[in-house]
Amino acid sequence: MIDVLYFAWVRERIGLPRETVETGAETVAGLIAELVVREERYALAFSDLASLRVALDQELSSFDAPLKGVREVAFFPPMTGG
Amino acid sequence: MIDVLYFAWVRERIGLPRETVETGAETVAGLIAELVVREERYALAFSDLASLRVALDQELSSFDAPLKGVREVAFFPPMTGG
Amino acid sequence: MRLTLQEAAFDPGFEANDFGRGVAGAGAIVTFTGLVRGDVTATSGMVIEHYPGMTEKAIAAIMEQAAQRWSLMDSLVIHRFGKLAVGEPIMMVATASLHRADAFLAADFLMDYLKSRAPFWKKEMGLDGETWVTAKDDDEAALKRW
Amino acid sequence: MRLTLQEAAFDPGFEANDFGRGVAGAGAIVTFTGLVRGDVTATSGMVIEHYPGMTEKAIAAIMEQAAQRWSLMDSLVIHRFGKLAVGEPIMMVATASLHRADAFLAADFLMDYLKSRAPFWKKEMGLDGETWVTAKDDDEAALKRW
């Protein structure tokens, strides 16, 4: 069980800000592979990984990072603060 | 006839902020040479030219600049504004 | 070091003075204020989304880095989220130091990192539709300066 | 472009807000405030002498250069002269631009040039005597950056 959060246009495409996901994936990439086959809206949101960023437990991370021990995964586009 | 202005410690050493000088000097260096022989306080003020700056008609200039047409010469130490 | 995340508008001049009063002995204070750009006839402003929890941590980490790299007497970050009108301040950074180079460099650094490493996303509310602001390659490249 | 030379104290936050109100459409405002450093138990402040006439011309020329090198929507310089107490603002610079790099670079440039090319001289009023502040080699070297 892992909390998955979506922000900005990722949130809009998937249609919800967060959900709890049952996953056996070992890496972020594995989790994405599971989500993508669920429904078209996920496939759409994750269609271009180069335009996505991921945070694990609120720290920027990478798609090949392991999920072991992680409680919260967040997907979002590159940040545009400041 | 030329107005000569002194600022900061140059003013303090010479003991006055400005004076009108009758000079035949062709350059700033020539004017300084005339001033230096006047009195000890001038010799003291102009003893280290590397620590002095000069402005001609309110524009930074150099010691070898000609005085022709100049109405106002100012001597002062390097600036410390800001 | 003070970090404020808020939905409400703020007054940059008031905040700058408040920050200044707090740092006795400083010789230099630099502030940066980011404002909602645009023409009121073409846009009704922007909405800023952020990642509560991560935002605070990410900004605190950036401020901590700045404090380690430069000789700062204090630093301040204020960043808004939610709905903002054209012309309103989005965020501000302030840095105080004995000598001017530290305050300038640290403020510049904080801005570059806040732009690309703090989880905020801006959406422009055009009169003919909404658009997520896209990150510029320049912003990522700016981090390489440091 | 506004340049003010004055003996009276000024309020940096008020001036920053006033400057900001004047530049519609700006995305970035940078301010620098220089303050009288020091410990009130060791100094009673400073006196700033300047060269009336040349000061205005020199600062206007520096501001003009900045306006030519960067894309500025406006710039402001306020500089005091006369007697100043510890902690008081000596001067401030503000720059406004569409994008942050212009405002940062121009403010930094203005400061470097004001430091070494505007005819001001600071005298520190120590409790045991007065001392003219000497220019630092760094200040002259800083100009080579531009």
Residue [X] versus chain B: region with a heavy atom under 4.5 Å:
X        : answer
D:Ile48  : neither
D:Lys57  : side chain
D:Lys123 : side chain
D:Thr134 : backbone
D:Met91  : side chain
D:Arg80  : neither

Notebook entry, point to check: How long is the span from the CZ atom in B:Phe7 to the OH atom in D:Tyr51, to the nearest 0.5 Å?
Noted result: 5.5 Å
Checklist line | Region of B:Ala55 that comes under 4.5 Å of a non-hydrogen atom in chain D | finding: side chain
Check: So what's closer than 4.5 Å to chain D heavy atoms on B:Arg53: side chain, backbone, both or neither?
Finding: neither
Next item on the list: Pull out the residues in residues 14-32 of chain B that come under 4.5 Å of chain D, heavy atom to heavy atom, sorted by number.
Entry: none
Checklist line | Close contacts, residues 61-81 of chain B versus chain D, judged by heavy atoms under 4.5 Å | finding: B:Glu72, B:Ala74, B:Phe76, B:Pro77, B:Pro78, B:Met79, B:Thr80, B:Gly81
Margin query: If you count heavy atoms of other groups shown closer than 6.0 angstrom to CG of B:Asp48, is the number above 12?
Written below: yes
